[in-house]
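See below for the structure under consideration.
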Amino acid sequence: MAGDQTAILRLGSTLESIPAFFLRPLHFLKSYPRQNWRPDAVAGLTVAIVLLPQAIAFALIAELPPEMGIYAAIVGSIYGALWGSSNQALTSPNNAISLLVLSTLLSTAANEAEFIVAAGLLAIMAGVFQLVLGVARLGQLVNFVSHSVIVGFASGAGVLIAIGQLRHLLGESFTGRNALESAIGAFTHWQEINPATAGLGAGAILLIFLLRRLRPRWPAPPVVLAVASLFVFALQLEDSEVQVIGELPGGLPPLAHLRVFDLDLIARLSTGALAVGAIGLVQTTAVTRSLATQTGQRLDSNQEFVGQGLANVAAGLFSGYPCAASFSASAVNYKAGARSPVAAVMAGLFVLVASSTLAPLAAYLPRAALSGILIVTAVGMIDRREMARIWRGAREDAVIMVVTLLGTLFLQIEFAVLAGILLSFALYILRTSTPRVLPVWPDDNFRHFVSRPPKPFCPQLAILDILGDLYFGAVSHVEKAILQHAAQHPSQRFLLLRMQSVNQCDYSGIHMLESVVRAYRDRGGDVYMVRLHEEVLALMKSSSFYDFLGADHFLAEDKAVEYLFYKVLDPAICIYESDVRVFRECQNLPRPEYPIPIPLPSEAFTNHVPTVEAKALWQELHVPSPQTPPLVLDVREPREFKQGHIPGARSLPMPTLFEKPDQVPHYRQVVLACRTGRRSRRVAAFLCARGHTNVAILEEGMLAWENAGLLEAVD
């Protein structure tokens, strides 16, 4: 019932927050500081200089018309900024998304016209997927996708892009379905190489490296494209076999003619849309978080999902194709001094103006120069240092990276991406379903609990730290670990569970805990708990586990050991059977050495021994009766006896009694007394085994006698 109410409250909160997601531009623009206008405008202009040629180049990766890249850059940057949460992130086409779009379209589109239509529809489908996740407040889902997926996919995409651009760089006309075919084709079709095209491409690559070395502040791609276009114009290479982009259409992005009701096309694009949407969100999250670490901005992942969703839907409607936050464009935006999302909006508007103004000049823009820029960019996507770090790290992350990398190179890319994401979820499930259960003990200063496997353990009490949630996938592992520890330490009849790392618990966890409690109670012990989260404690109360375990079994951690030591544990075991002193409370216990072993009977063995309450025993000792009063044998240590005892009682410490059992008379009723009754039970079991039938136990020992106000004097 409590879980249902929580779910209803969460649903209500989600529904109430939906309008806020879509009203983000109004709230932002109302509070926009005027002093940010100038730096945002400068940053927007700087980004536009880089973004325009990039948008054209990335569209060519997807084998789409260059103007689709421009439209996606204009619309994506504006919508992504206004409805996103990051101040510096910029949404536009990029390498990885373009390659993923190409892989999806190649397997679904039948002709060039359908290719373009499918690209727009793919953007809308991916955007709707992202939008739903954001509105449903599922932004945290992206945290479960391993970083290794991005590294593996980006590296594989870099290899594919670089190899795929070789034919355009060299002027060859072959086609390759994968990286291997493209690489082989580039060498086997060497006779088709166009010297002018190859020269422009190689020159573009060389000029990029020179600019990066000599003029690192200059925007290399626009400079390279301007120089290459100048060569084409001066030498009139556009009339030869050198392929140029051609004049671009200017003006506002037009509405696309989409087949939104073509269910067959939607079905064929569905897998690719999921992959594009997922990778777009993961990449956007990586970009925004990287910027936030430098700016200190607090991000809203759900709002960012909404922004990316609206940006992709708008890009599809206005003749663009899928986009996401761009690493390079966002970095330029940040370094140029952008202070708010207005910079990205200005970048989109500047791209619109520039594309309309410079559209005729694209007639001299050589395809080979764009390919050279893309090859350099693609090689930069292969992060060898990060790959080496992952390879040297956790083996599971390395497997995810390699699987995603190989899948990107040799399989359909959308399946490779989804496989990497599924592996990430599988790894998360594997890790959360096997939470660690660690035995812990007080440190040397008795201030904190630490895991110290080499240290000796307490013979009576196990303290286990559960490091993970108790949900249906994890309870079997946790129960097995607890019971295995109990089997390895059979003398530890009592268990203290530290629950501070258990953030969630379901009914499977409750059933598992009940099973553990029964197991410990069957062996004559019990279970106690400390540091429970409120939600976990609420579930325990609503499921009746709280009453099943007992309210007095939920302890405060700073008092737990003290309570267990004085109220639950048997000090005789510590004195007579153990030479270790684990807790602060047992440091002053004596360490006697006895020549005989002190047996520990089971609870069931001594259940038939009669007990007598403190007040009843007092009456038997003080009220005149024709019968002989019982003989009270105090089996505690002499120092305990001197501190206070029952008047008329005889001190006969347990070790002495075991060595000289003949001191206990057979002809007289005997009542055994100790501190809590535990040592009395052990003595009673020993005497019963020797044929004594007149033995009784003072119930709850001297503690009960003292609590009843019967401790009169010390003699």
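- Closest heavy-atom contact between Ser424 and Val149: OG-CG2, 3.1 Å.
- Considering all non-hydrogen atoms of both residues, Ala118 and Leu269 come closest at O-CD1, 3.8 Å.
- In the displayed structure, Tyr79 atom OH is contacted under 6.0 Å by at most 12 heavy atoms of other residues, nucleotides or ligands.
- In terms of modelled atom types and a separation under 3.5 Å, the side chain of Asn302 and the main chain of Leu138 share a donor-acceptor contact.
- Counting only distance, with no hydrogens or angles, the side chain of Ser155 and the backbone of Gly152 share no donor-acceptor pair below 3.5 Å.
- Of the possible polar contacts, none joining the Thr197 side chain to the Ala368 backbone as a donor-acceptor pair under 3.5 Å is found.
- To the nearest 0.5 angstrom, Ile161 atom CD1 is 9.5 Å from Leu102 atom CG.
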For residues 341-349, tabulate all N or O donor-acceptor pairs below 3.5 Å that involve a side-chain atom, not counting sequence neighbours.
none

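- In this structure, Arg215 forms a cation-pi arrangement with Trp218, its terminal cationic atom sitting closer than 6.0 Å to the ring centre and no more than 45° off the ring axis.
- Heavy-atom contacts from other residues, nucleotides or ligands closer than 6.0 Å to CZ of Arg259 number more than 12.
- Across all non-hydrogen atoms, the minimal contact from Ala378 to Ala162 is CB-N, 3.8 Å.
- Rounded to the nearest 0.5 angstrom, Leu122 CG and Ile97 CD1 are separated by 9.5 Å.
- Using a 4.5 Å heavy-atom threshold, the side chains of Arg339 and Asn87 count as separate.
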What side-chain donor-acceptor pairs closer than 3.5 Å can you find for residues 317-325, not counting sequence neighbours?
| residue | atom | partner | partner atom | Å |
| --- | --- | --- | --- | --- |
| Ser319 | OG | Pro254 | O | 2.6 |
| Tyr321 | OH | Phe58 | O | 3.3 |
| Tyr321 | OH | Ala59 | N | 3.4 |
| Tyr321 | OH | Ser98 | OG | 2.8 |

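- Thr284 places none of its side-chain heavy atoms less than 4.5 Å from the side chain of Phe305.
- One finds the CG atom of Leu365 at 11.0 Å from the CG atom of Leu358 (value rounded to the nearest 0.5 Å).
- In this structure the side chain of Ile373 never reaches within 4.5 angstrom of the side chain of Pro53, judged on heavy atoms.
- For the atom pair CG of Leu200 and CG of Leu169, the computed distance is 9.5 Å after rounding to the nearest 0.5 Å.
- We find the OH-CG distance between Tyr364 and Leu235 to be 12.5 Å, quoted to the nearest 0.5 Å.
- The shortest distance between side-chain heavy atoms of Phe153 and Ser148 does not fall below 4.5 Å.
- Under a 3.5 Å cut-off, the side chain of Ser270 and the backbone N or O of Ala267 do form a donor-acceptor pair.
- Side-chain contact check for Met387 versus Leu405: some heavy-atom pair is nearer than 4.5 Å.
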Verdict with supporting geometry, Leu60 and Ile245, side chain to side chain contact (heavy atoms under 4.5 Å, CB included): CA-CA 10 Å; Leu60 296 178; Ile245 297 301; 3.6 Å; yes

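- Counting heavy atoms of neighbouring residues, nucleotides and ligands inside a 6.0 Å radius, atom CZ of Phe231 does not exceed 12 of them.
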Steps toward side chain to side chain contact (heavy atoms under 4.5 Å, CB included) verdict (Ser326, Ser92): CA-CA 6 Å; Ser326 168; Ser92 69; 3.5 Å; yes

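- Side-chain atoms of Gln165 and Ser371 form a donor-acceptor pair, as typed in the model, at a separation below 3.5 Å.
- Side-chain atoms of Thr288 come within 3.5 Å of backbone atoms of Thr285 as a donor-acceptor pair (strictly under, hydrogens ignored).
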Chi angles and distances behind the side chain to side chain donor-acceptor pair (under 3.5 Å) call for Ser340, Asp40: CA-CA 7 Å; Ser340 75; Asp40 283 343; 2.6 Å; yes

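- Taking 4.5 Å as the limit, some side-chain heavy atom of Ser77 sits within range of a side-chain heavy atom of Leu90.
- We find that Arg167 and Glu63 are joined by a salt bridge, their nearest charged nitrogen and carboxylate oxygen being less than 4.0 Å apart.
- Between atom CD of residue Glu114 and atom CG of residue Leu105 there is a gap of 9.5 Å, rounded to the nearest 0.5 Å.
- A donor-acceptor contact shorter than 3.5 Å links the side chain of Trp83 to the backbone of Phe22.
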Side chain to side chain contact (heavy atoms under 4.5 Å, CB included) evaluation trace for Gln130 with Leu133: CA-CA 5 Å; Gln130 295 171 332; Leu133 290 182; 5.8 Å; no

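- No donor-acceptor distance shorter than 3.5 angstrom exists from the side chain of Asn333 to the backbone of Ala329, with no hydrogens or angles considered.
- A 4.5 Å side-chain heavy-atom check between Ser330 and Leu291 finds at least one atom pair inside the cut-off.
- Scanning both residues, Pro219 and Ile49, for their nearest heavy atoms gives CG-CG2, 4.3 Å.
- Heavy-atom minimum distance, Thr91 versus Gly80: OG1-CA, 3.8 Å.
- Scanning both residues, Met381 and Ala157, for their nearest heavy atoms gives CE-CB, 3.9 Å.
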Evaluation steps, side chain to side chain contact (heavy atoms under 4.5 Å, CB included), between Leu52 and Ser355: CA-CA 7 Å; Leu52 179 58; Ser355 62; 4.2 Å; yes

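- Ser31 contributes a side-chain N or O that, together with a main-chain N or O of His27, makes up a donor-acceptor pair within less than 3.5 Å.
- In summary, the side chains of Ser328 and Gln54 do present a donor paired with an acceptor at a separation below 3.5 Å, with no hydrogens or angles considered.
- For the residue pair Gln297 and Arg289, no side-chain donor N or O sits within less than 3.5 Å of a side-chain acceptor on the partner.
- Within the 4.5 Å cutoff, the side chain of Leu51 has no heavy atoms near those of the Phe350 side chain.
- Between the side chain of Glu304 and the backbone N or O of Ser85 there is at least one donor-acceptor pair closer than 3.5 Å.
- Side chain of Ser103 to backbone of Leu100: no donor-acceptor contact under 3.5 angstrom is found.
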